[in-house]
Amino acid sequence: MTIPNPAFSTRVCRYGAEALREAALLIRAGEPVAVPTETVYGLAADATDSQAVAGIYSAKGRPSFNPLIVHVSDMEMARRLADFSPQAEQLAARFWPGALTMVLPVRADSGLSPLVMAGLPTVALRLPAHPAMRALIRESGRPLAAPSANRSGAISPSRAEHVLASLNGKIRMILDEGPTSEGLESTIAAPEADRIRLLRPGPVTTAMLEEASGLPVITGPDSKTGNAKIEAPGQLESHYAPSKPVRLNALRAEKDEYLIGFGLMPCHLNLSVDADLREAAANLFAALHVADASIQGRIAVAPIPDEGIGTAINDRLRRAAA
């Protein structure tokens, strides 16, 4: 349990003009700030300031070999940071602003802190759709490195109270703009000349990427190089994990289990009674937070169809159970 430092209390501020100005001042002073995106709440800091980026790793307890996503306010800022191939331009035109992160060659003159790339020649970039995150980037005048605003490896936060429970006393400010709409982290893809490599499934599905690019989408290690090392966030085997053991594909709760359901079934909490995968994705992390806080000692989760955004839900659940 995190014991807050009384000299360093975390304030939850409702998003608005005054809170935005204060958050931007903290960013320019090198402090991380928790801010909503359409996917999950992010812990944002100036991506050009190594001390500020180190503050993210420190607050989260995140391993420094795990790269960070850099959020930009527009394509002009994005092109200053990375080299865009025709394939990357095509995906940006279709999915930005939105829940797609692209891993692209970083420009030598990007000015980004090397800590953001974790030693890689690429940078993970996203132009988010959420007005609070985009306003903070514009107000601070900086590209913002922003992993999920929680302890490293723990359940991602889809509400401000999730951030507070995980990082109270570790950061000064949380901008609260209610629950996130997508509820799952962004899709991460690496566009290449003849294919798209999917590095993390998310709200932008394989079918959507194939339709937009006209290219095949492949998953797994880079077959051309045999490269199996971590290239992007969210690739650690154990991640998004509650403090309790998680059992997957459960049709009923066993003794001392909190059952998270899907579709019509007896359970403690249902991701979507109508078996709607998008609704289930939006509710997933909030449900895991509730289950983790329950009196039951273990968590069970019903089967989720492995199609569309269900692939991303199952990816997060497998890592939560690892």
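Computed from a predicted structure; not experimentally measured. Index from 1, following the sequence. For the numbers below, each heavy atom of this structure counts, side chains included, while hydrogens, waters and symmetry mates do not.
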Peer 1: Using only atom types and a distance under 3.5 Å, with no angle test, would you say the side chain of R142 pairs donor to acceptor with the backbone of S140?
Peer 2: yes
Peer 1: Evaluate whether atom CD of Q51 has more than 12 neighbouring non-hydrogen atoms of other residues, nucleotides or ligands under 6.0 angstrom away.
Peer 2: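 12 or below, so no.
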Peer 1: Taking only Lys NZ, Arg NE, NH1 and NH2, and the carboxylate oxygens of Asp or Glu, determine whether E192 and R195 approach each other closer than 4.0 Å.
Peer 2: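 So E192 pairs with R195 through a salt bridge.
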Peer 1: My understanding is that only residues two or more places apart in sequence, or in another chain, count here; which of them pass side chain to side chain donor-acceptor pair (under 3.5 Å) with N283?
Peer 2: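 Side chain to side chain donor-acceptor pair (under 3.5 Å) list for N283, sorted by chain: empty.
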Peer 1: Going by an N to O cut-off under 4.0 Å, is there a salt bridge joining R252 and E257?
Peer 2: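 Salt bridge flag = no for E257 with R252.
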Peer 1: Taking S50 for its side chain and S113 for its backbone only, find out whether a donor-acceptor pair lies under 3.5 Å.
Peer 2: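 No, S50 side chain to S113 backbone: no donor-acceptor pair under 3.5 Å.
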Peer 1: Ignoring hydrogens and geometry beyond distance, is a side-chain donor-acceptor pair present between S148 and E185 at under 3.5 Å?
Peer 2: no
Peer 1: Do the non-hydrogen side-chain atoms of V72 and L81 ever get within less than 4.5 Å of each other?
Peer 2: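 SC-SC contact between V72 and L81 confirmed.
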Peer 1: Show the atom names and distances, to 0.1 Å, of all donor-acceptor pairs under 3.5 Å that link a side chain in residues 116-130 to residues at least two apart or in another chain.
Peer 2:
| from | atom 1 | to | atom 2 | distance (Å) |
| --- | --- | --- | --- | --- |
| R126 | NH1 | E38 | OE2 | 2.7 |
| R126 | NH1 | G98 | O | 2.8 |
| R126 | NH2 | T37 | OG1 | 3.2 |
| R126 | NH2 | T39 | OG1 | 3.3 |
| H130 | ND1 | A132 | N | 3.0 |

Peer 1: So does V53 get a backbone contact from the side chain of D46, meaning a donor-acceptor N/O pair under 3.5 Å?
Peer 2: no
Peer 1: Just by distance, do the side chain of R278 and the backbone of P203 share a donor-acceptor pair under 3.5 Å?
Peer 2: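 Flag set: sc R278 to bb P203 pair under 3.5 Å.
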Peer 1: Could you tell me the separation between the CG atom of L144 and the CD1 atom of I69, rounded to the nearest 0.5 Å?
Peer 2: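 Reported value, rounded in 0.5 Å steps: 13.0 Å.
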Peer 1: Can you tell me how far the CG atom of L248 sits from the CG atom of N314, to the nearest 0.5 Å?
Peer 2: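 The distance works out to 8.0 Å.
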Peer 1: For residues L284 and I304, determine if any side-chain heavy atom of one lies less than 4.5 Å from a side-chain heavy atom of the other.
Peer 2: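 No, too far: nothing below the 4.5 Å cut-off.
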Peer 1: Output, in order, the C-alpha distance, side-chain angles, deciding distance and verdict of salt bridge (Lys or Arg N to Asp or Glu O under 4.0 Å) for E22 and R172.
Peer 2: CA-CA 11 Å; E22 186 179 341; R172 294 191 190 276; over 6 Å; no
Peer 1: Could you walk me through whether N168 and K170 pass the side chain to side chain contact (heavy atoms under 4.5 Å, CB included) test, one step at a time?
Peer 2: CA-CA 5 Å; N168 193 8; K170 300 275 190 184; over 6 Å; no
Peer 1: Going by heavy atoms in the side chains, are S85 and Q90 under 4.5 Å from each other?
Peer 2: no
Peer 1: Okay, side chain of R298, backbone of E254: is any donor-acceptor separation there less than 3.5 Å?
Peer 2: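 No: the side chain of R298 does not pair with the backbone of E254.
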Peer 1: Working to the nearest 0.5 angstrom, can you tell me the gap between M102 CE and Q87 CD?
Peer 2: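 Reported value, rounded in 0.5 Å steps: 10.5 Å.
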Peer 1: Taking all non-hydrogen atoms of both residues, which atom of L68 and which atom of Y57 are closest, and how far apart?
Peer 2: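 It is CG-OH, 3.7 Å.
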Peer 1: Under the side chain to side chain contact (heavy atoms under 4.5 Å, CB included) rule, what do V33 and I171 come out as? Steps first, then yes or no, please.
Peer 2: CA-CA 7 Å; V33 172; I171 60 175; over 6 Å; no
Peer 1: Is the closest basic N to carboxylate O distance between R107 and D109 below 4.0 Å?
Peer 2: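 Salt bridge between R107 and D109, a charged N being under 4.0 Å from a carboxylate O: yes.
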Peer 1: Would you say T206 and P201 make side-chain contact, with heavy atoms under 4.5 Å?
Peer 2: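 Of all side-chain heavy-atom pairs linking P201 with T206, none is under 4.5 Å.
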Peer 1: If you define the side chain from C-beta out and look only at heavy atoms, does anything of S213 sit under 4.5 Å from P191?
Peer 2: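 No, side chains not in contact.
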Peer 1: Determine the minimum heavy-atom distance between P157 and H289, stating which atoms define it.
Peer 2: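 Heavy atoms only, the tightest pair is CA-NE2, 4.1 Å.
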Peer 1: Walk me through it: do H268 and Q296 pass the test side chain to side chain contact (heavy atoms under 4.5 Å, CB included)?
Peer 2: CA-CA 11 Å; H268 292 91; Q296 282 82 4; 3.5 Å; yes
Peer 1: Can you classify the ring geometry of F84 versus W96 as parallel (below 30°), tilted (30 to 60°) or perpendicular (above 60°)?
Peer 2: perpendicular
Peer 1: Can you list the steps and then say if D176 with Y41 is a side chain to side chain contact (heavy atoms under 4.5 Å, CB included)?
Peer 2: CA-CA 9 Å; D176 181 4; Y41 273 71; 3.4 Å; yes
Peer 1: Transitively linked via ILVMFWY side-chain contacts under 4.5 Å: I313 with M265?
Peer 2: no
Peer 1: With heavy-atom distances below 4.5 Å as the criterion, would you say the side chains of L277 and F262 are in contact?
Peer 2: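 SC-SC contact between L277 and F262 confirmed.
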Peer 1: A291 and S294: which non-hydrogen atoms are nearest, and at how many Å?
Peer 2: O-OG, 2.7 Å
Peer 1: Taking only residues two or more places apart in sequence, or in another chain, which ones meet F95 in a ring pair (Phe, Tyr, Trp, His ring centres under 6.0 Å)?
Peer 2: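 So F95 forms no ring pair (Phe, Tyr, Trp, His ring centres under 6.0 Å) with any residue.
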Peer 1: Would you say the side chains of D274 and S272 form a donor-acceptor pair under 3.5 Å?
Peer 2: no
Peer 1: Closer than 4.0 angstrom, basic N to acidic O: yes or no for D292 and K244?
Peer 2: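 Salt bridge flag = no for K244 with D292.
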Peer 1: Before you tell me yes or no, could you show the steps for R28 and E139 under salt bridge (Lys or Arg N to Asp or Glu O under 4.0 Å), namely the whole-Å CA-CA distance, both residues' side-chain angles and the distance that decides it to 0.1 Å?
Peer 2: CA-CA 10 Å; R28 289 198 291 269; E139 187 80 13; 5.6 Å; no
Peer 1: If two hydrophobic side chains count as joined below 4.5 Å and joins carry through other members, does F285 share a cluster with L259?
Peer 2: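 No: no chain of side-chain contacts under 4.5 Å links F285 to L259.
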Peer 1: Side chains of T205 and T311: closer than 4.5 Å at any heavy-atom pair?
Peer 2: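 SC-SC contact between T205 and T311 ruled out.
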Peer 1: Rounded to the nearest 0.5 Å, how far does CG of N270 lie from CD1 of I260?
Peer 2: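 So the gap between those two atoms works out to 10.0 Å.
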Peer 1: What distance separates M173 CE from L25 CG, expressed to the nearest 0.5 Å?
Peer 2: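 Reported value, rounded in 0.5 Å steps: 9.5 Å.
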Peer 1: Looking only at non-hydrogen atoms, find the nearest pair between A34 and L43 and report the distance.
Peer 2: N-CD1, 4.0 Å
Peer 1: Please report the interatomic distance CG(L215) to CG(L209), rounded to the nearest 0.5 Å.
Peer 2: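 Here the rounded value is 10.0 Å.
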Peer 1: Can you find a side-chain donor-acceptor pair between S186 and R200 that sits under 3.5 Å?
Peer 2: yes
Peer 1: Looking only at non-hydrogen atoms, find the nearest pair between A45 and I27 and report the distance.
Peer 2: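 Where A45 meets I27 most closely, the heavy atoms are CA-CD1, 3.9 Å.
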Peer 1: What closest approach, in Å, do G202 and I309 show between heavy atoms, and which atom pair accounts for it?
Peer 2: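 Taking G202 first and I309 second, the nearest heavy atoms are O-CG1, 4.0 Å.
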Peer 1: Flag the pair P143 / L112 as yes when at least one side-chain heavy-atom distance between them is below 4.5 Å, and no otherwise.
Peer 2: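 Yes; the side chains approach each other to less than 4.5 Å.
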